[in-house]
2 protein chains.
Amino acid sequence: MKRIAESTVRRLSLYLSFLEQRERDRVNTISSDELAHLGGTTSAQVRKDLSLFGSFGKRGLGYSIPELSGKLREILGLEKQWRVCIVGAGKIGAALARYRGFAERGFVIAAVYDSDPAKLGKKWESQAIRDVANLAKDALSERFDIAVVATPPESAAEVVKVIVEAGIKAILNFAPTQLTVPSDVTVRAVNMAIELEGLSFALTNRAR
Amino acid sequence: MKRIAESTVRRLSLYLSFLEQRERDRVNTISSDELAHLGGTTSAQVRKDLSLFGSFGKRGLGYSIPELSGKLREILGLEKQWRVCIVGAGKIGAALARYRGFAERGFVIAAVYDSDPAKLGKKWESQAIRDVANLAKDALSERFDIAVVATPPESAAEVVKVIVEAGIKAILNFAPTQLTVPSDVTVRAVNMAIELEGLSFALTNRAR
DNA sequence: TTGGCCTTGTGAAATTCTTCACAAGGTACA
DNA sequence: TGTACCTTGTGAAGAATTTCACAAGGCCAA
């Protein structure tokens, strides 16, 4: 299959969230134009994105919402349950552990780690916080699919080393640090500083 | 000036963070090639990005780190102090309020809002949590530049309405909702579901 | 069954973004 | 001062992404 751009995948996620909303409202059909408006893009873009994976629509009618959302879930790999471990039991880790949208999309928080002795063993949303020193060992038996790095920046590199050695192939990084990983490991980074600086740039350079 | 792509601005932020790191290590000069390696891009990309704003390097030598980081701060608008208000005093709001990198980049948390009566008035990193009903009024006198939306998704649209009416032109959205704003308001969204789904896609479709 | 209407799927064009490749300019050292 | 060596800045080429525009297919009502 052709390589799919990251921007395309992001849009697919967006489309899916709109479809789920409409699903709840008991609407059965949606056109590429409607989807485009919801997502701030164009109908041609929507159709192009979807056509990379097949022909899901009916000419003259649009897309069946249950069918298309099923297809999108399949494309995005959301039919499977993904086992996620969170490393770093700070505020960000807490926000993630509590985030509802998670479980309903098939992301199971399988473990939470920290290195602070004061936190170890504390219960957190039904998870006891474990010692990060056990991560490598646990990974052998618990098969984590995704690791979330929510540590301070200075520990991130070290933690990532452990994660990679444990054979985990996907990392969501919240630490404001550039990670180095082998090419078979996928990293997505969420960096608040970069987002804020983007806003700062926009405010500074906007037309007056 | 030519329109600058969002991807370019993101890279500029990254470059700046590398420069600051090097600055702390008392290194004086850096080549586009080094910068490229740190950021996972190419030297040509680095030079192209910078050349959009001027000629900051010395041929044969590279870039002066103090000079370039100064220029980048200027380009990104980080010389000014930006006044930020956070709406939503949950875990994400808390993580933001405590994030150190913030103040040192000139982002001042000027106020924190919530609508939960149980939280109002509580002190939070030297900020009393205020009632979101006062946001519009406060904005008149306190001139917030940036609003961070960290509410549950169902309140986001309403909160954004208030923010826009208050004349705030930049929004950082953590709610998993597509926001609708006038074209003179810049929005950056951080959506954990989209990032995780991107990882799910990568895991599902990776070469075996 | 026919005709009008609507929306998809998709080549081709346009645009945007990235990489190439090299002249120009500057350093450093003999 | 001259020469060898670097690294920038940048047109031009190339790649990727988005938009255009329209034929093809399907619904619906008469």
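- Between D:dT10, C:dT19, D:dA21, one nucleotide has an atom nearer to the side chain of B:Ser55 than all others, and that is D:dT10.
- When the side-chain nitrogen and oxygen atoms of A:Ser32 are compared with OP1 and OP2 of C:dT7, none of them lie within a distance under 4.0 Å.
- Between the P atom of D:dT19 and the CG atom of A:Asp49 lies a distance of 10 Å, rounded to the nearest Å.
- Considering only side-chain N and O atoms, A:Ser31 lies nowhere under 4.0 angstrom from the phosphate OP1 or OP2 of C:dT7.
- For B:Phe102 and B:Tyr99, the distance between ring centers is under 6.0 angstrom.
- Computed from coordinates, the B:Asn28 CG to D:dT7 P distance equals 16 Å when rounded to whole Å.
- The closest donor-acceptor contact from the side chain of A:Thr204 to the backbone of A:Ser200 lies under 3.5 Å.
- Residue-level contact check: B:Ala44 touches the bases, meaning some heavy atom is under 4.0 Å from a base atom.
- Going from atom CZ of B:Phe56 over to atom P of C:dG26 covers 17 Å, rounded to whole Å.
- Of the candidates C:dT7, C:dG26, D:dA21, the closest approach to any side-chain atom of A:Arg47 belongs to D:dA21.
- Out of C:dT8, C:dG9, C:dT19, the shortest distance to the side chain of B:Gln45 is found at C:dT19.
- For the 3.5 Å distance criterion, the side chains of A:Glu23 and A:Ser69 qualify, holding a donor opposite an acceptor.
- Summary of the strand contacts: B:Gly60 and B:Gly54 both lie near DNA chain D, and taking for each the nucleotide with the nearest heavy atom, the more 5' one is attributed to B:Gly60.
- In this structure, CD of A:Glu67 is placed 13 Å from P of C:dT8, rounded to the nearest angstrom.
- Of the side-chain N and O atoms in A:Tyr63, none sit less than 4.0 angstrom from OP1 or OP2 of D:dG26.
- The aromatic rings of A:Tyr113 and A:Phe144 lie perpendicular to each other, with more than 60° between the two planes, well past the 30° mark.
- Rounded to an integer number of Å, the gap from CZ of B:Arg59 to P of D:dT7 is 14 Å.
- Atom CG of A:Leu52 is separated from atom P of D:dA16 by 14 Å (rounded to the nearest Å).
- Distance, A:Leu50 CG to D:dT19 P: 15 Å, rounded to whole Å.
- For the OP1/OP2 pair of C:dT18 and a distance below 4.0 Å, the side-chain nitrogens and oxygens of B:Arg11 include at least one atom meeting the criterion.
- Toward the 5′ end of DNA chain C lies the nearest nucleotide of A:Leu61, the other residue of the pair A:Leu61 and A:Lys48 mapping further downstream.
- Taking the side chain of B:Ala5 as heavy atoms from C-beta on, and the options D:dT7, C:dT8, C:dC17, the nearest nucleotide is C:dC17.
- A donor-acceptor distance shorter than 3.5 angstrom exists from the side chain of B:Asn173 to the backbone of B:Thr177, with no hydrogens or angles considered.
- D:dC20 atom P lies 13 Å from atom CG of A:Asp33, rounded to whole Å.
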